[in-house]
There are 2 protein chains.
Amino acid sequence: MPTSAATARLAFEVVKTACSNCNLRELCLPIGIEPEDLKKLDELVSTRRRLKRGDHLYRAGQGFASIYAIRSGFFKTDVLIEDGRDQVTGFQMTGELLGLDGISSEVHTCNAIALEDSEVCVIPFLHLEGLSRQIHTLQHHFHKVMSREIVRDHGVMMLLGTMRAEERLAAFLLNLSQRFKARGYSPAEFNLRMSRDEIGSYLGLKLETVSRAFSRFQEDGLLAVHQRKIRILNTDGLRKLMTHQRS
Amino acid sequence: MPTSAATARLAFEVVKTACSNCNLRELCLPIGIEPEDLKKLDELVSTRRRLKRGDHLYRAGQGFASIYAIRSGFFKTDVLIEDGRDQVTGFQMTGELLGLDGISSEVHTCNAIALEDSEVCVIPFLHLEGLSRQIHTLQHHFHKVMSREIVRDHGVMMLLGTMRAEERLAAFLLNLSQRFKARGYSPAEFNLRMSRDEIGSYLGLKLETVSRAFSRFQEDGLLAVHQRKIRILNTDGLRKLMTHQRS
DNA sequence: CCCCGCGTTTGATCCACGTCAACCCGATTG
DNA sequence: CAATCGGGTTGACGTGGATCAAACGCGGGG
C-alpha cells in the first residue's frame with residue numbers, strides 16, 4: 001500500500017543510471033566492452049536500489065528475476081536451515097555481483113543483507129541474457145564472473161576443510177586487504193563491516209575463537225585491532241601463518 | 001610423439017558423437033532444446049575422451065579451452081596448495097559438467113581425476129559460447145548449470161562450516177543416493193568410487209573419523225557397509241541425523 | 001598357496017576449539 | 001550522569017575429532 005511519500009521515494013529510487021560513465025566500469029560487468037556497445041549496456045541497468053544497513057536485498061525463497069551490481073556499500077550473503085544453523089557464504093563489496101545463486105532454480109537460495117547503507121544496480125537477468133547474445137565480450141565476461149565465483153567458493157571450501165582457526169582468519173584478512181586495495185583503498189588499514197559472529201560464521205568458527213585469534217595476532221605484532229578498525233602491521237607474517245604446514 | 005598404435009588409438013577416441021541421440025540428454029546440456037536445434041548441438045561436441053581409473057582429465061595450471069560432460073564414469077576434483085594440503089571440492093558423475101572453474105582465468109584451478117574408467121564429451125568453450133548466442137534455451141540452461149554449481153558449493157560450505165562429523169557423512173550419503181536415483185540406479189544400494197581418505201578430504205574430516213562414522217551408522221542400523229559397498233537401511237534416520245540440532 | 005601391500009578398522013591419547021560464564025567498553029537514552 | 005544494551009574480550013573447563021599406533025582383510029603377484 002504505497003503512500004504518496006512512498007511513491008515519491010520509489011520514483012526517486014528509480015534513477016536512470018549509466019554504466020557508460022560509472023566509475024566502477026573497471027570492476028563491474030562492462031569490463032572490456034567497446035564504447036559503442038556501452039550505450040546498449042546503459043539500457044540494461046533499469047534502476048538502482050538503495051538499502052539501509054540491515055535491509056535485505058533479497059531473501060531465500062523469493063523469486064529470482066534480477067542480479068545486482070553493488071555500486072556502493074557492503075553486503076553479506078547467508079543460508080539458513082530449519083534447525084537454526086546458518087552459514088555466511090560470502091561478503092560482497094563495491095563492483096561485485098549478487099544474486100547468481102538464483103539463476104539455477106528461479107528462486108533465491110540465500111539471503112543478501114546490507115552491512116552498511118548501500119546502493120545496487122538492478123540488472124534484469126533476461127535482459128542480461130539478451131544483451132550477452134549480442135555482445136560477445138559481455139557474454140564472455142559474465143561467464144568469467146560466474147566461474148570466478150565458483151573458484152572463490154572452492155577457496156572457501158579449502159579454508160573450511162583444511163585450515164585451523166588462525167590460518168582461516170589470516171586468509172580472510174589478506175583477502176579483504178587485497179580487495180580493498182583493488183578498489184583504491186588502503187590495503188593495510190580498514191574497517192570491518194561485520195561482527196565477530198559474522199566472521200565466525202563465514203570461517204566456520206565461534207565468535208570467541210575469532211576474538212582470541214585477533215588478540216593473538218595483536219600480541220604477535222601482526223595487527224593493530226581497535227574494535228572493527230584493523231591495521232595490518234606485518235602482511236608477510238600473516239601470509240606465512242596462512243600457508244604454514246600443520247605442526 | 002604418437003606411434004602408429006597411439007595414432008590409431010587417438011583416431012579411435014575422436015569418435016563422432018551425437019547429443020541428439022545420447023541417452024543422457026535429460027541430464028546434460030541438451031535439456032529442453034528443440035529438435036531442430038539439437039542438430040546444431042551435435043557439432044558442439046567434437047570429440048570424446050576415454051580415461052582410465054586414476055587418469056587426470058586436466059590439472060591445475062593447465063590452459064583452459066573446453067569443458068567436459070561426463071558420458072560415463074566417475075570423477076573427483078581437488079585443489080592442492082604448496083604446503084601439501086589438499087581438498088576434494090567435488091565428486092562428479094554421469095551427465096555432470098567438469099571444467100567450469102577454468103573459465104574465469106583461462107587456466108584450470110583444480111585437478112579432475114577419474115575414479116573409474118570413464119568417458120567424457122569434450123566441449124570447446126568458445127563453440128559453446130557461440131552456440132548459446134544462437135540458442136536461447138542452451139544459453140539459459142548453461143547459466144543454470146553454472147548457478148547450480150554455485151548453490152552446491154554453498155551447501156558444502158554449510159556442511160563444512162556448521163555440521164559435525166556424522167551429520168556430514170549422512171548428508172554426503174543422502175546426496176549420493178539421490179544422484180544415483182536420478183540416474184535410474186538404486187538409491188539404497190551403491191558402490192562408493194572413492195576411498196575413505198577422499199571422502200574425508202571432501203567432508204573436512206580425517207579418514208579415521210569417516211571410518212568410525214560408518215561403523216557407528218552400521219551399529220545403529222542405518223547402513224550396511226561392506227568395504228565400499230553401501231546399503232542404506234534407514235533413509236529417514238539418516239535424514240533426521242543430518243538435520244538434528246546440535247545438542 | 002603364501003606373501004605382500006594398501007586401504008580400512010579400531011583403540012588410546014591429545015589438543016584445538018567449543019561452551020559457559022563473567023566482565024569490559026563504547027554508544028545510546030532518559 | 002547513571003542505567004542500559006549490544007558487541008567484544010577473557011578465563012576455566014569440556015569434548016569432538018585429530019593423531020599415533022596397531023592390527024585386520026582383501027586382492028594381486030610370485
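Numbers restart at 1 for each chain; the letters A, B, ... are given by sequence-line order, proteins then strands. Values reported hereafter were calculated over all heavy atoms of this structure, with side chains retained and with hydrogens, waters and symmetry mates removed. Here the structure is a predicted model, which is why all the values come from computation and not from measurement.
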Dump every N/O contact between nucleotides 4-6 of chain C and the protein below 3.5 Å, one line per pair.
none

Would you indicate, yes or no, if dT9(D) has its OP1 or OP2 atom less than 4.0 angstrom from a side-chain nitrogen or oxygen of R196(A)? yes
Do any N or O atoms from the side chain of R48(A) and from the backbone of E119(A) form a donor-acceptor pair under 3.5 angstrom? no
With sequence neighbours left out, the residues meeting side chain to side chain donor-acceptor pair (under 3.5 Å) with R183(A) are E96(A)
Other residues, nucleotides and ligands only: do more than 12 of their heavy atoms fall within 6.0 Å of CZ on R216(B)? no
Whole-Å distance between dC17(C) P and L159(A) CG? 12 Å
Rounded to the Å, how far apart are K229(A) NZ and dG26(C) P? 15 Å
Can you measure from CG (L51(A)) to CZ (F75(A)) and round to the nearest 0.5 angstrom? 5.0 Å
Which distance, rounded to the nearest 0.5 Å, do you find between the CZ of R196(A) and the CZ of F214(A)? 4.5 Å
Interatomic distance where CZ belongs to R164(A) and P belongs to dG17(D) [whole Å]: 16 Å
Send over the distance from E167(A) CD to dA16(C) P, rounded to a whole Å. 12 Å
Please name all residues satisfying side chain to side chain donor-acceptor pair (under 3.5 Å) with T77(B), sequence neighbours left out, ordered by chain then number. T89(B), Q92(B)
Dump the pairs, protein N or O against N or O of nucleotides 22-25 of chain D, anything under 3.5 Å, distances to one decimal.
none

Could you give the NZ-to-P distance, from K206(B) to dA21(D), as a whole number of Å? 16 Å
Among V156(A), L159(A), V88(A), find the one that has a side-chain contact (heavy atoms from CB on, under 4.5 Å) with M157(B). V156(A)
M163(B) has an atom CE; how far is it from atom P of dC17(C), in whole Å? 21 Å
Over all strands shown, is R168(A) touching base, sugar-phosphate only, or nothing at heavy-atom distances under 4.0 angstrom? nothing
Over 12 foreign heavy atoms within 6.0 Å of CZ, R228(B): yes
Taking CD1 from I199(B) and C1' from dG7(C), how many angstroms apart are they, rounded to a whole number? 12 Å
So G204(A), base contact, sugar-phosphate only, or nothing? Heavy-atom distance under 4.0 Å. sugar-phosphate
Rounded interatomic separation in angstrom, taking CG from L169(A) and C1' from dA16(C): 15 Å
Between the protein and nucleotides 10-14 of chain C, list every N/O to N/O distance that falls short of 3.5 Å.
| from | atom 1 | to | atom 2 | distance (Å) |
| --- | --- | --- | --- | --- |
| dT10(C) | OP2 | S215(B) | OG | 2.6 |
| dG11(C) | N7 | R212(B) | NH1 | 2.8 |
| dG11(C) | O6 | R212(B) | NH2 | 3.0 |
| dA12(C) | N6 | R212(B) | NH2 | 3.3 |

From the set dT9(D), dC17(C), dG7(C), return the single nucleotide nearest to any side-chain atom of A165(A). dC17(C)
Look up atom CE in M146(A) and atom CG in D101(A), then write down how far apart they are to the nearest 0.5 Å. 9.0 Å
Distance col, row K181(A):NZ vs L174(A):CG, nearest 0.5 angstrom, shows 11.5 Å
Does the gap between the ring centers of Y185(B) and F190(B) come in under 6.0 Å? no
How would you label the contact of R216(A) with the nucleic acid (heavy atoms, under 4.0 Å): base, sugar-phosphate, or nothing? nothing
Would you say dT8(C) has OP1 or OP2 under 4.0 Å from some side-chain N or O of R228(B)? yes
Residues which pass side chain to side chain donor-acceptor pair (under 3.5 Å) with D117(A), listed by chain and number, not counting sequence neighbours: none
